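Take a look at the structure below.
In this text the structure is predicted, and so the values were computed from the model without any measurement. Both counts, for ligands and for their atoms, begin at 1 and track the order of listing.
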Amino acid sequence: MKTFLQTYGHPPQASAHAPGRVNLIGEHTDYSDGFVLPIALEQAATAMISYSSDNLHHLCAPDTGEQYDLPPDAPLEGLSKYVLGCYRVLEEHFHISVPPLNYWVTSTVPTGSGLSSSAALEVSTLRAVRELLNLDLDDVTLARLAQRAENVWAGVPCGIMDQMASSVAGTRTALFLDTFTLEMRQIPLPAGSEIVVINSGVVHENSDGGYAQRRQEVEESARVLEALNADAGHFGVLMNASHASMRDDFQNSTPGVDALVEILQGLAGVYGARMTGGGFGGCVVALVVSGQALEVGRNAVQQHHALGYEGYQVVPPVRRVE
Ligand code: GLA
């Protein structure tokens, strides 16, 4: 992979990481002022920048091979919607012009899987620019700007959960967030439990259209409040109910995801399992007995593969054998 130095001939002047997230419960509630309970992942995006020596913004993403050389007011496509989108929301917020920059990004957050790869991209980008330009920008405002970049420039009408999770959540405790007030609390996982995340291998199709259609009031928030004080067993029951509601009421699941959820729910050591994220494919999260995550993950992936799917385990991270 071509590094920043190899791409631009000098080291970066600022760099930042930002994680993806998995949402434990509270789905499609964040645009109707409801509650959510995400936790940050080890997988993260890393953005690096330096001042450009010409009048163009240069962008390079070796993971995807994308490369752009753009004047600041260029029409945006692909990666540039996110990156220049971030520059533009900063310009609007601070009444400044972001100088032409060399930009490079890499990410270990799987894309199109409901793990907020785009929020990780936006938050790492904003953090890197904050560092380079020494901007007075707190983490919550940064999350709001990241959401604005996604809404306005990437054209996805998402709520605030993903950007807040990427900006302020940790990997050890879940983040209980009231998306109306942005009040938050760190919530430990129920005693004796840990999480497994498996990518179903089913890529969201038509996710933007379907996502937008489902921007309506949902009752899922009540389950989040109940989960806050639940033991592992009860938390699992709530996760199962959350999935049933997505599958039957909200209809934003798919057969491949439902099959994986059912497999997990039937395995010993699993308290509960549900699809996570925007839906229409992507990842499933399960709460399991402490110490059993690897075994549960391996069994579930094997059984899912036997049905013809090609998913893989994301948490605990395992090296993918291509
Ligand atoms: C996507 C959106 C979030 C949230 C979830 C569903 O991840 O980006 O804002 O609405 O879907 O909970």
Side-chain angles (χ1 to χ4, degrees), residues 18-41 43 45 81-82 85-86 107 109-123 140 143-169 174-180 182 184 197 199-200 202-225 227 238-239 241-247 249-254 257 274-285 314:
R21 64 96 190 96
V22 59
N23 188 23
L24 302 181
I25 196 159
E27 218 65 86
H28 283 268
T29 53
D30 66 341
Y31 44 73
S32 51
D33 300 336
F35 305 119
V36 294
L37 194 62
I39 187 166
L41 296 172
Q43 288 87 345
K81 291 201 277 191
Y82 294 89
C86 285
S107 181
V109 186
T111 54
S113 316
L115 299 179
S116 297
S117 58
S118 59
L121 172 65
E122 291 146 6
V123 171
V140 171
R144 284 187 189 277
L145 293 181
Q147 181 201 12
R148 185 163 169 74
E150 175 110 21
N151 292 165
V152 174
W153 296 105
V156 180
C158 65
I160 190 71
M161 166 171 69
D162 302 348
Q163 290 78 13
M164 279 294 283
S166 185
S167 189
V168 308
L175 178 79
F176 169 63
L177 177 69
D178 176 335
T179 63
F180 181 55
L182 294 194
M184 42 188 154
V197 178
N199 192 336
S200 66
V202 181
V203 178
H204 322 207
E205 271 166 32
N206 187 23
S207 64
D208 290 357
Y211 179 87
Q213 266 174 31
R214 280 160 183 74
R215 285 202 53 154
Q216 50 180 279
E217 193 73 31
V218 285
E219 288 157 15
E220 165 90 344
S221 269
R223 279 189 282 268
V224 181
L225 292 181
L238 293 166
M239 290 174 87
S242 167
H243 185 76
S245 165
M246 287 191 284
R247 183 191 58 214
D249 307 331
F250 214 51
Q251 300 184 354
N252 68 334
S253 188
T254 64
V257 167
R274 58 183 288 279
M275 180 173 66
T276 186
F280 310 97
C283 286
V284 168
V285 58
V314 179

### Task
For Gly159, take its heavy atoms, then give the atoms of ligand 1 lying under 4.0 Å from any of them.
9 (O)
### Query
Between Ser116 and Asp162, do the side chains contain an N or O donor and an N or O acceptor separated by less than 3.5 Å?
yes
### Donor + acceptor pair across side chains of Glu150, Ser118 (<3.5 Å)
yes
### Task
Quick one: list whatever passes salt bridge (charged side-chain N to carboxylate O under 4.0 Å, His left out) with Arg148, sequence neighbours left out.
Glu92
### Query
So is Asn23 polar-close to ligand 1, meaning N/O to N/O under 3.5 Å?
no
### Message
Suppose I only count heavy atoms of Met161 and a 4.0 Å limit; which atoms of ligand 1 are within that range?
### Response
4 (C), 5 (C), 12 (O)
### Message
What I want to know is whether Asp162 and ligand 1 share at least one N or O pair that is separated by under 3.5 angstrom.
### Response
yes
### Close-contact set for ligand 1 against Gly278 heavy atoms, below 4.0 Å
1 (C), 7 (O), 11 (O)
#### Entry: Within-cut-off N or O pair, Arg21 and ligand 1, under 3.5 Å
yes
### Sub-4.5 Å side-chain heavy-atom contact between Ile160 and Leu182
yes
### Query
With a cut-off of 4.0 Å, which atoms of ligand 1 are near a heavy atom of Tyr31?
10 (O)
### Query
Can Asn199 and Ser113 be counted as having a side-chain donor-acceptor contact under 3.5 angstrom?
yes
### Query
Polar-atom distance check: Ser116 versus ligand 1, any N or O pair below 3.5 Å?
no
### side-chain hydrogen bond (donor to acceptor under 3.5 Å, both in side chains) partners for Ser167, two or more places apart
none
